Amino acid sequence: MNSLKDGFFPDEVILQILARLPVKSLYRSKTVCKLWCRLSSDKYFIQLYNELSVKNPLVLVEVSEVSESKSSLICVDNLRGVSEISLDFLKDRIKVRASCNGLLCCSSIPDKGVYYVCNPMTREFRLLPKSRERPVTRFYPDGEATLVGLACNLLSQKFNVVLAGYHRSFGHRSDGTFICLVFDSELNKWRKFVSYQDDHFTHMNRNQVVFVNGSLHWLTGGCSCILVLDLDCDIWRKMPFPDKVSYGSGSGNRIYLLESDGCLSLIQISDAWMNIWVLKDYERQEWDLVDRVSLRCIRGLVPGIFPISQTGEYVFLATHKQVLVYQRKNRVWKEMYSVKNGCTLPLWFSAHAFRSTIFSCH
């Protein structure tokens with residue numbers, strides 16, 4: 001197999017080719033030979049595959065048709081187009097709560113407090129053990145965790161799930177006590193710590209949780225700062241915005257939190273412009289304005305447009321019925337997906353950044 005004279009490619013060339021296949025196609029190819037069969041469990045190949053996959057972030061959107069009682073999960077890929085993904089292997093009615101490096105954290109709709117972590121591409125899943133803290137009856141105001149975060153380390157193949165929210169005693173409102181439960185996939189158990197917070201969070205703030213530098217990041221409801229959870233030492237802290245970023249001060253300014261090629265990124269949208277900031281130096285908290293995009297050609301969509309996922313080459317954005325991609329090099333806008341019939345919720349309401357990776361839940 002290593003001899004070019006015999007008409008075969010070297011092993012490394014074959015690995016490079018296979019590492020660019022979609023996960024489903026890669027798993028189908030396992031029947032070709034013993035070498036290919038072993039690839040999905042080979043550490044070198046998994047690392048190679050995931051390194052290439054993280055350069056191509058996708059968008060997952062949940063589409064709820066008006067005429068149908070169930071919803072479908074649509075995957076939008078800048079390279080391969082649009083496909084449908086099924087989570088029927090969970091055998092439960094679920095809601096996607098968080099996404100990170102190819103895994104999804106889902107909560108059961110009929111059974112509050114039941115959570116799954118799954119890889120929709122390999123169809124593996126893990127039912128998380130219930131916490132002894134009984135979070136269903138302790139979170140304010142509706143029994144659901146205010147923040148749900150998923151932190152997946154591609155190198156170690158370990159993950160953490162975070163459930164955080166304001167605590168309430170029975171029959172009382174919250175007193176500001178912020179309970180945080182962290183699940184450790186390696187130990188298969190939860191840990192708990194308590195702090196005091198006075199922030200609130202919108203629906204988009206909850207959806208756009210970013211895992212970089214060993215920490216989870218959320219925008220606060222008033223977009224006054226970034227709330228950071230350091231998973232190494234279980235400490236909450238606050239990170240300021242770039243000095244030139246302002247929220248709500250005229251011209252319809254809105255701010256969103258995303259990842260960009262492994263770095264934390266802020267996107268500021270006004271009536272006419274989209275500014276993209278990247279945190280180039282995490283320790284010194286030094287932000288760079290890396291792009292300034294005119295929104296003139298999509299002016300009618302601007303009030304209802306939300307950035308979901310990005311790289312240095314393109315940005316995915318969702319509207320009520322469309323998923324758009326903006327190609328940053330040639331400055332071209334393109335529609336990637338559109339809902340043909342009526343849908344009960346806007347697409348941005350249930351859109352998540354996603355990657356197709358080889359990541360085991362077990």
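If you're wondering where the values come from, they're calculated on a predicted model, not measured in any experiment.
- Of the N and O atoms on the side chains of Tyr326 and Arg331, at least one donor lies less than 3.5 Å from an acceptor on the other residue.
- What you find for Gln322 and Ser338 is that their closest heavy atoms are CG-OG, 4.1 Å.
- Distance alone, capped at 3.5 Å, is enough to place a donor-acceptor pair between the Ser265 side chain and the Trp277 backbone.
- Taking CG from Leu104 and CG from Leu60, the interatomic distance works out to 6.0 Å, rounded to the nearest 0.5 Å.
- Using bins of under 30°, 30° to 60° and over 60° for the plane-to-plane angle, the ring pair Phe316/Tyr314 lands in the perpendicular bin.
- Ser107 has its side chain out of reach of Val148: every pair of non-hydrogen atoms, C-beta onward, lies at least 4.5 Å apart.
- With values rounded to the nearest 0.5 angstrom, Arg20 atom CZ is found 10.0 Å from Ser53 atom OG.
- Note on Ile17 and Leu48: same hydrophobic cluster, where clusters join Ile, Leu, Val, Met, Phe, Trp and Tyr whose side-chain heavy atoms are under 4.5 Å apart, directly or indirectly.
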Trace of the side chain to side chain contact (heavy atoms under 4.5 Å, CB included) decision for Arg355 with Asn50 = CA-CA 9 Å; Arg355 290 185 171 109; Asn50 290 340; over 6 Å; no
List the steps, then state whether side-chain hydrogen bond (donor to acceptor under 3.5 Å, both in side chains) holds for Thr357 with Asn101.
-> CA-CA 7 Å; Thr357 62; Asn101 287 334; over 6 Å; no
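- Taking CD from Glu259 and SG from Cys100, the interatomic distance works out to 7.5 Å, rounded to the nearest 0.5 Å.
- A heavy-atom distance below 4.5 Å is not found between the side chains of Phe125 and Leu87.
- Ile235 and Met239 fall into different hydrophobic clusters, where Ile, Leu, Val, Met, Phe, Trp and Tyr residues are linked whenever their side-chain heavy atoms come under 4.5 Å apart, directly or through other members.
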Please step through side chain to side chain contact (heavy atoms under 4.5 Å, CB included) for the pair Phe211 and Leu231, ending with a clear verdict.
-> CA-CA 10 Å; Phe211 175 61; Leu231 289 168; 4.2 Å; yes
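- Looking at every heavy atom in both residues, Val162 comes nearest to Cys180 through CG1-SG, 3.7 Å.
- Between the Trp190 side chain and the Pro129 main chain, a donor and an acceptor come within less than 3.5 Å of each other.
- Note that CD of Gln310 and CG of Asp291 are 9.5 Å apart. Values are rounded to the nearest 0.5 Å.
- A distance-only check finds a donor-acceptor pair linking the side chain of Ser350 to the backbone of Glu62 [under 3.5 Å].
- The minimum heavy-atom distance between Tyr49 and Ser356, with the atom names listed, is CE2-O, 3.7 Å.
- The environment of NZ in Lys189 is sparse: at most 12 heavy-atom neighbours from other residues, nucleotides or ligands sit within 6.0 Å.
- Looking only at distances, a side-chain donor or acceptor of Asn160 sits under 3.5 Å from a matching main-chain atom of Phe183.
- By the 4.5 Å heavy-atom criterion applied to side chains, Ser215 and Arg237 are counted as neighbours.
- The side-chain heavy atoms of Phe354 and Ser309, taken from C-beta on, include no pair separated by under 4.5 Å.
- Looking at Leu324 and Ile305, their side chains come closer than 4.5 Å, going by heavy atoms from C-beta outward.
- Other residues, nucleotides and ligands contribute more than 12 heavy atoms inside 6.0 Å of the CD atom of Glu335.
- Nearest heavy-atom pair across Asp184 and Glu186 is OD1-N, 2.8 Å.
- Judged purely by atom type and a 3.5 angstrom limit, Gln157 uses its side chain to pair as donor or acceptor with the backbone of Leu154.
- Here the NZ-CG distance, from Lys334 to Asn78, works out to 7.0 Å after rounding to the nearest 0.5 Å.
- Ile109 and Leu90 end up in different hydrophobic clusters when Ile, Leu, Val, Met, Phe, Trp and Tyr side chains are linked at under 4.5 Å.
- The minimum heavy-atom distance between Trp287 and Leu264, with the atom names listed, is CZ3-O, 3.9 Å.
- Between the side chain of Thr311 and the backbone N or O of Lys55, no donor-acceptor pair lies under 3.5 Å.
- Looking at Asp88 and Arg123, a side-chain N of the basic residue comes within less than 4.0 Å of a carboxylate O on the acidic one, giving a salt bridge.
- For the pair Asp77 and Met336, the tightest heavy-atom approach, listed with the atom from each and the gap, is O-CE, 3.3 Å.
- Put simply, Val332 and Val315 are part of two different groups of oily side chains (I, L, V, M, F, W, Y) that touch within less than 4.5 Å, one to the next.
- The shortest distance between side-chain heavy atoms of Asn275 and Ile267 does not fall below 4.5 Å.
- Using modelled atom types, one side-chain atom of Asp42 and one backbone atom of Tyr44 make a donor-acceptor pair closer than 3.5 Å.
- No donor-acceptor pair under 3.5 Å is formed between the side chain of Gln268 and the backbone N or O of Lys244.
- Looking only at atom types and distance, the side chain of Arg126 has a donor-acceptor partner in the side chain of Asn188 under 3.5 Å away.
- Note on ring orientation: taking the six-membered ring where Trp is involved, the planes of Phe306 and Tyr256 are perpendicular (angle over 60°, cut-offs 30° and 60°).
- In this structure, OH in Tyr337 is found 4.5 Å from CD1 in Ile74, a value given to the nearest 0.5 Å.
- Here the side chain of Asp261 pairs a donor or acceptor atom with the backbone of Gly312 at under 3.5 angstrom.
- Ring orientation note: the planes of Trp236 and Phe178 are nearly perpendicular, at an angle over 60° on the 30°/60° scale.
- Side-chain contact between Phe241 and Leu219 is present, with heavy atoms from C-beta onward closer than 4.5 Å.
- Open room surrounds CZ on Arg299; 12 or fewer heavy atoms of other groups in view lie less than 6.0 Å from it.
- In the hydrophobic clustering of ILVMFWY residues, with side-chain heavy atoms under 4.5 Å counting as a link, Leu266 and Leu289 come out together.
- Taking 4.5 Å as the limit, some side-chain heavy atom of Met121 sits within range of a side-chain heavy atom of Ile85.
- Of the possible polar contacts, one joining the Ser99 side chain to the Ala353 backbone as a donor-acceptor pair under 3.5 Å is found.
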Chi angles and distances behind the side chain to side chain contact (heavy atoms under 4.5 Å, CB included) call for Leu58, Arg80 = CA-CA 10 Å; Leu58 320 173; Arg80 303 184 180 99; 5.9 Å; no
Chi angles and distances behind the side chain to side chain contact (heavy atoms under 4.5 Å, CB included) call for Ser294, Trp273 = CA-CA 5 Å; Ser294 172; Trp273 295 94; 3.8 Å; yes
